[in-house]
Student: 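This is the structure I want to talk about, given as structure tokens.
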Amino acid sequence: MTEGTIPAEEATVEEGDTLTRLEQEGEIAADYLEGLLDIADLDGDIDMDVEADRAAVSIIGDGGSRDLQKLVGRDGEVLEALQELTRLAVHRETGDRSRLMLDIAGFRAKKRTELAELGAKAANDVKSSGEPVKLKPMTPFERKVVHDAVAAAGLRSESEGEEPQRFVVVLPA
């Protein structure tokens, strides 16, 4: 065994421990969000998953429910705040910082698709022109999706600026 490698059985245990920890984060978040829905007298089902080494919790409404849009807010502002509150609730219970992702009424899933398309389009524009392309300011979540789309297109990108005006620059190869 070379220095710095982990035996396979230890790696499996670590992966299992991580999965268990992330599932616990999801359960704590779900309990917190169920309480919030009760207080707000809103209907919604909670779905928990683990995606990309982070807990993912979604509040899903019945098809015609517009009530959950109140929890999304304008441009996802309320959703972002609820995500932070949910992360704090998880931190309070576990003592560990959470990277939990919250989605409400499919807002983030739809946004992820739009941003991936934006990143791919910007990458194509850079490939055509050979010039860097600067995008509008985005949240960390939005920038991450764009960076991933640009990387998938075979180019690189960087974030520039200071929050909340931080933006992505797509660079030529």
Side-chain angles (χ1 to χ4, degrees), residues 15 18-19 21-23 25-30 32-33 36-37 42 44-88 90 97-173:
E15 289 169 12
T18 299
L19 182 61
R21 181 181 52 77
L22 293 174
E23 288 172 344
E25 282 186 21
E27 289 174 16
I28 293 167
Y32 175 79
L33 292 165
L36 180 87
L37 289 173
L42 297 172
D45 295 322
I46 297 182
D47 182 40
M48 296 178 296
D49 201 359
V50 173
E51 299 173 0
D53 292 333
R54 60 172 66 185
V57 179
S58 300
I59 300 175
I60 304 161
D62 54 17
S65 174
R66 302 269 312 142
D67 287 343
L68 289 180
Q69 291 304 314
K70 297 173 189 173
L71 298 179
V72 173
R74 189 185 56 165
D75 296 327
E77 290 173 340
V78 176
L79 171 59
E80 289 290 333
L82 287 173
Q83 177 175 276
E84 285 307 308
L85 289 172
T86 305
R87 286 177 174 178
L88 286 171
V90 171
R97 183 178 171 274
S98 174
R99 295 176 53 235
L100 174 129
M101 288 295 291
L102 175 62
D103 191 9
I104 300 174
F107 177 82
R108 262 198 220 279
K110 180 180 173 207
K111 189 80 166 173
R112 182 178 281 124
T113 300
E114 292 169 359
L115 291 165
E117 291 171 1
L118 174 67
K121 181 187 178 317
N124 286 336
D125 291 349
V126 169
K127 285 178 181 177
S128 297
S129 71
E131 297 294 319
V133 171
K134 292 181 181 181
L135 301 175
K136 66 179 180 49
M138 299 178 191
T139 67
F141 161 76
E142 294 169 334
R143 291 194 309 269
K144 168 84 169 88
V145 174
V146 172
H147 285 306
D148 289 348
V150 170
L155 292 181
R156 63 187 189 88
S157 56
E158 297 175 350
S159 291
E160 293 183 5
E162 297 294 322
E163 295 292 355
Q165 296 300 312
R166 201 154 165 80
F167 59 94
V168 173
V169 178
V170 181
L171 303 165

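In what follows, residues are counted from 1 in the order of the sequence shown.
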Student: Would you indicate whether the side-chain heavy atoms of Asp148 and Lys144 approach each other to under 4.5 Å?
Tutor: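 Counting from C-beta outward, Lys144 and Asp148 do come under 4.5 Å.
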
Student: With a cut-off of 6.0 Å (strictly less than), are more than 12 heavy atoms of other residues, nucleotides or ligands near CD of Glu162?
Tutor: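 For Glu162, atom CD is not crowded (no more than 12 foreign heavy atoms under 6.0 Å).
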
Student: Between Leu115 and Thr113, is there a side-chain heavy-atom distance shorter than 4.5 Å?
Tutor: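 A side-chain contact is absent here, since even the closest heavy-atom pair is not under 4.5 Å.
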
Student: Could you tell me which non-hydrogen atom of Glu163 sits nearest to which non-hydrogen atom of Met138, and how far apart they are?
Tutor: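 Reported closest heavy-atom pair: OE1-O, 4.4 Å.
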
Student: Are Ser159 and His147 packed together at the side-chain level, in the sense that at least one heavy-atom pair is separated by less than 4.5 angstrom?
Tutor: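 In contact.
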
Student: Check whether any side-chain heavy atom of Val72 sits under 4.5 Å from a side-chain heavy atom of Ile59, and report yes or no.
Tutor: no

Student: Any chance NZ of Lys127 has more than 12 other-residue heavy atoms, nucleotides or ligands included, within less than 6.0 Å?
Tutor: yes

Student: Of the non-hydrogen atoms in Asp53 and Arg99, which two are nearest, and what is the gap between them?
Tutor: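 Taking Asp53 first and Arg99 second, the nearest heavy atoms are O-NH1, 3.3 Å.
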
Student: Does the cation-pi check pass for Arg108 over Phe141, that is, NZ or CZ under 6.0 Å from the six-membered ring centre and within 45° of its axis?
Tutor: yes

Student: Less than 4.5 Å apart, side chain to side chain, heavy atoms only: is that true for Leu102 and Leu82?
Tutor: yes

Student: Check whether any side-chain heavy atom of Pro172 lies under 4.5 Å from a side-chain heavy atom of Pro132, and answer yes or no.
Tutor: yes

Student: Any side-chain heavy atom of Val57 sitting closer than 4.5 Å to one from Leu33?
Tutor: yes

Student: Answer yes or no: is there a donor N or O on one side and an acceptor on the other, between the side chain of Arg54 and the main chain of Leu100, under 3.5 Å?
Tutor: no

Student: Taking all non-hydrogen atoms of both residues into account, name the closest pair between Val78 and Leu71 and its distance.
Tutor: CG1-O, 3.3 Å

Student: Output yes when a side-chain donor or acceptor of Glu142 lies under 3.5 Å from a complementary backbone atom of Thr139, and no otherwise.
Tutor: yes

Student: Test of understanding: with side chain to side chain donor-acceptor pair (under 3.5 Å), list the residues that count as partners of Lys134, not counting sequence neighbours.
Tutor: none

Student: Kindly give the heavy-atom pair with the smallest separation between Ser98 and Val90, and that separation in Å.
Tutor: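 Closest approach of Ser98 to Val90: CB-CG1, 3.8 Å.
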
Student: What verdict does the side-chain contact (heavy atoms from CB on, under 4.5 Å) test give for Glu77 and Arg74, after you've listed the backbone C-alpha separation in whole Å, the side-chain angles of each residue and the deciding distance to 0.1 Å?
Tutor: CA-CA 6 Å; Glu77 290 173 340; Arg74 189 185 56 165; 3.2 Å; yes

Student: Specify the closest pair of heavy atoms between Ala149 and Ala120, including all atoms of both residues, with the distance to one decimal.
Tutor: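 Heavy-atom minimum between the residues: CB-N, 4.1 Å.
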
Student: Give me the atom names and distance for the closest heavy-atom approach of Phe107 to Asp75.
Tutor: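 Closest approach of Phe107 to Asp75: CZ-C, 3.8 Å.
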
Student: Considering only heavy atoms from C-beta outward, does the side chain of Leu171 approach that of Glu158 to under 4.5 Å?
Tutor: yes

